[in-house]
Number of protein chains: 2
Amino acid sequence: MKPRVVIIGAGNVATHLAKVLSKSAVILQIFSRNKENADALASQLAETPITTDNIDDIVSEADIYIVSIKDDAIKPLVDKIKANTALWVHTSGSVPMTVFSDKMKRYGVLYPLQTFSRDVDVDIAEVPFFIEGSDVDVQKEISDLARLMSQNIKIADSEQRKRIHVAAVFACNFSNHLWAIAEKILQEGGFDFDVLMPLLRVTLDKAGKVSPAEGQTGPARRGDTGTMSRHLELLDSDTAQIYRLLSQNIMKQYNITPNI
Amino acid sequence: MKPRVVIIGAGNVATHLAKVLSKSAVILQIFSRNKENADALASQLAETPITTDNIDDIVSEADIYIVSIKDDAIKPLVDKIKANTALWVHTSGSVPMTVFSDKMKRYGVLYPLQTFSRDVDVDIAEVPFFIEGSDVDVQKEISDLARLMSQNIKIADSEQRKRIHVAAVFACNFSNHLWAIAEKILQEGGFDFDVLMPLLRVTLDKAGKVSPAEGQTGPARRGDTGTMSRHLELLDSDTAQIYRLLSQNIMKQYNITPNI
């Protein structure tokens with residue numbers, strides 16, 4: 001029998017999960033504080049579920065409740081919700097599963113390590129899902145739920161999940177910001193970010209193959225202080241500060257002594 | 001008639017360029033301070049060129065000399081070389097083309113914006129080559145030379161090239177270092193860098209499609225100080241310093257006021 005699921009949230013993560021789950025589960029209801037968002041998501045599903053923006057109207061007969069809203073909004077929502085004996089999971093990388101423990105009996109986490117947006121298609125079957133359950137049976141249920149979406153399921157407790165999340169901030173959010181800095185530097189010289197794409201693709205492939213620590217290159221890795229000084233002259237003070245700190249950290253990492 | 005080329009250097013860049021050029025040019029000679037490296041490169045080419053580790057033995061009858069050695073070694077090499085009227089180019093992102101001007105008449109730069117290593121194959125036809133010539137005719141010759149290798153040729157003076165190089169340091173070298181930091185954080189939690197690869201691929205695709213500045217996500221972009229504080233608790237002091245500086249820079253960029 002298909003599990004009956006309520007999706008709480010209508011953002012990018014909720015949308016991607018609801019779409020893929022609707023193939024093998026019954027989506028009973030979509031809740032969003034913004035009714036239009038809930039309706040927009042509902043309309044994308046084959047069997048259009050009911051929608052609500054009223055917490056009190058969340059149906060009680062579902063098997064699974066997936067809470068996919070902003071991190072800081074999870075606790076306030078759980079506080080307001082009626083307790084029941086269904087399975088409750090959230091999809092956050094940084095919120096402990098105990099956010100449910102005062103209210104619910106069977107709960108856990110289903111954290112997909114991926115960024116979801118309207119602009120880029122994602123093959124969800126390859127996305128790693130990190131799961132955690134309030135007991136062994138619950139964990140098994142969450143694993144079964146995750147397996148409806150992906151082949152790549154890993155168990156991670158709240159502490160491990162926090163590490164994964166902070167690692168993702170470094171690897172993705174911060175890298176992306178460095179790309180934005182690079183884009184700005186290029187644009188000031190009359191070039192587009194595009195010129196960096198072939199280099200970035202190879203750099204990422206290499207990191208995946210030989211590990212980023214082994215694949216490190218560049219002036220700091222070589223201790224090439226001449227190039228680093230010339231680069232620093234070109235940068236505004238904020239950007240120079242980032243250049244200096246990251247170069248120093250690379251040199252420290254590889255026991256290179258010259259300082260900039 | 002095929003141009004006759006001398007390759008000065010036998011590192012990764014020299015090797016990749018020599019291999020692709022050997023299809024449409026005659027590689028006369030490979031010079032390297034390390035004779036074994038020169039021989040190793042020569043042996044990979046169809047018509048094995050002569051090799052030398054003696055600057056005085058560099059042949060004088062070539063049409064083109066490609067200097068592909070460490071940045072700081074270019075000037076000392078040029079100082080020792082006999083002047084001639086052939087075309088001289090180096091492949092460095094950060095050395096001005098005037099490094100040749102005291103000695104040579106026809107010179108310039110042929111800078112491939114790519115990282116070359118033994119581990120990862122590169123489709124050189126897609127690599128952007130940034131070129132610069134000492135005069136218009138020379139620039140045309142360098143453009144013709146570049147076109148033997150790639151379809152993606154752009155003109156950049158030494159100042160622009162310096163910008164491109166520093167942009168590449170941010171986009172690739174520094175990102176790679178952040179991936180190395182992420183790898184370490186993951187390993188301490190019992191996971192491999194691999195778990196981040198699907199997320200990284202999508203993040204990079206998105207940066208290429210909508211520009212990195214538009215695609216920025218994460219706790220700093222949201223001004224989510226709760227998550228940032230929890231992350232900082234987890235990090236050693238050096239890594240926390242990087243986390244703090246990059247988060248502050250992101251918040252500043254997007255006019256988000258809370259500070260960490």
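Order of the sequence lines sets the chain letters (A, B, ...), proteins ahead of strands, with each chain counted from 1.
Ranked by heavy-atom pairs under 4.5 Å with chain B, the first of Gly215(A), Ala182(A), Ala156(A), Gly93(A) is Ala182(A). Across Val95(A), Asp71(A), Leu113(A), the residue that shares the most heavy-atom pairs under 4.5 angstrom with chain B is Leu113(A). Of the listed residues (Arg222(A), Gln241(A), Glu126(A)), the greatest number of heavy-atom pairs within a distance under 4.5 Å of chain B belongs to Gln241(A). With chain A as the partner, the residue from Arg221(B), Glu188(B), Lys154(B), Gln253(B) showing the most heavy-atom pairs under 4.5 Å is Glu188(B). The choice from Pro219(A), Ala171(A), Gly189(A), Pro128(A) that makes the most heavy-atom pairs within less than 4.5 Å of chain B is Ala171(A). Per-residue heavy-atom pair counts under 4.5 Å with chain B were compared for Gln160(A), Glu159(A), His177(A), Lys162(A), and the maximum is reached by His177(A). With chain B as the partner, the residue from Ser94(A), Cys172(A), Gly218(A), Ala213(A) showing the most heavy-atom pairs under 4.5 Å is Cys172(A). Per-residue heavy-atom pair counts under 4.5 Å with chain A were compared for Leu235(B), Ile164(B), Leu200(B), and the maximum is reached by Leu200(B). Of the listed residues (Glu183(B), Lys184(B), Lys252(B), Arg230(B)), the one with the most heavy-atom contacts under 4.5 Å to chain A is Glu183(B).
Side-chain contact check for Phe170(B) versus Leu246(A): every heavy-atom pair is 4.5 Å or farther apart. Between Gln216(B) and Asn173(A), the closest side-chain pair of non-hydrogen atoms falls below 4.5 Å. Proximity of Thr227(A) to Val169(B): side-chain heavy atoms (C-beta onward) are nowhere separated by under 4.5 Å. Thr203(B) has its side chain out of reach of Ser175(A): every pair of non-hydrogen atoms, C-beta onward, lies at least 4.5 Å apart.
Of the atoms belonging to Arg161(A), not a single heavy atom falls under 4.5 Å from chain B. Heavy atoms closer than 4.5 Å to chain B are found nowhere in Glu214(A), neither backbone nor side chain. Heavy-atom distances place the side chain of Phe130(A), and not its backbone, under 4.5 Å from chain B. Looking at Lys70(A), there are no atoms closer than 4.5 Å to chain B (heavy atoms on both sides), in backbone or side chain. Only the side chain of Asp194(A) comes within less than 4.5 Å of a heavy atom of chain B; its backbone N, CA, C and O stay farther away. For Asn176(A), the parts sitting under 4.5 Å from any heavy atom of chain B are the backbone and the side chain alike. Looking at Phe193(A), only its side chain comes within 4.5 Å of chain B, counting heavy atoms on both sides. Interface residue Thr115(A): backbone and side-chain heavy atoms are both found under 4.5 Å from chain B. Both the backbone and the side chain of Val195(A) come within contact range of chain B, each with at least one heavy atom under 4.5 Å from a heavy atom of that chain. If you measure heavy-atom distances from Ile250(A) to chain B, the contacts under 4.5 Å come from both the backbone and the side chain.
Scanning all heavy atoms of the two residues, the minimum distance from Phe191(A) to Ile155(B) falls at CZ-O, 3.6 Å. Closest non-hydrogen pair, Arg201(B) versus Asp205(A), comes out as NH1-OD1, 3.2 Å. The shortest heavy-atom contact between Ala167(B) and Leu196(A) is O-CD1, 4.2 Å. Nearest heavy atoms, Met197(A) versus Leu204(B): CE-O, 3.6 Å. Considering every non-hydrogen atom in both Phe174(A) and Leu178(B), the closest pair reads CB-CD1, 3.5 Å.
Side chain of Gln114(B) to main chain of Pro198(A): a donor-acceptor pair is present (N/O by atom type, distance under 3.5 Å, no hydrogens or angles).
Gln248(A) contributes atom CD, which lies 10.0 Å from atom CD1 of Ile242(B) (distance to the nearest 0.5 angstrom). To the nearest 0.5 Å, atom CG of residue Asn249(A) and atom CG of residue Asp238(B) are 5.5 Å apart.
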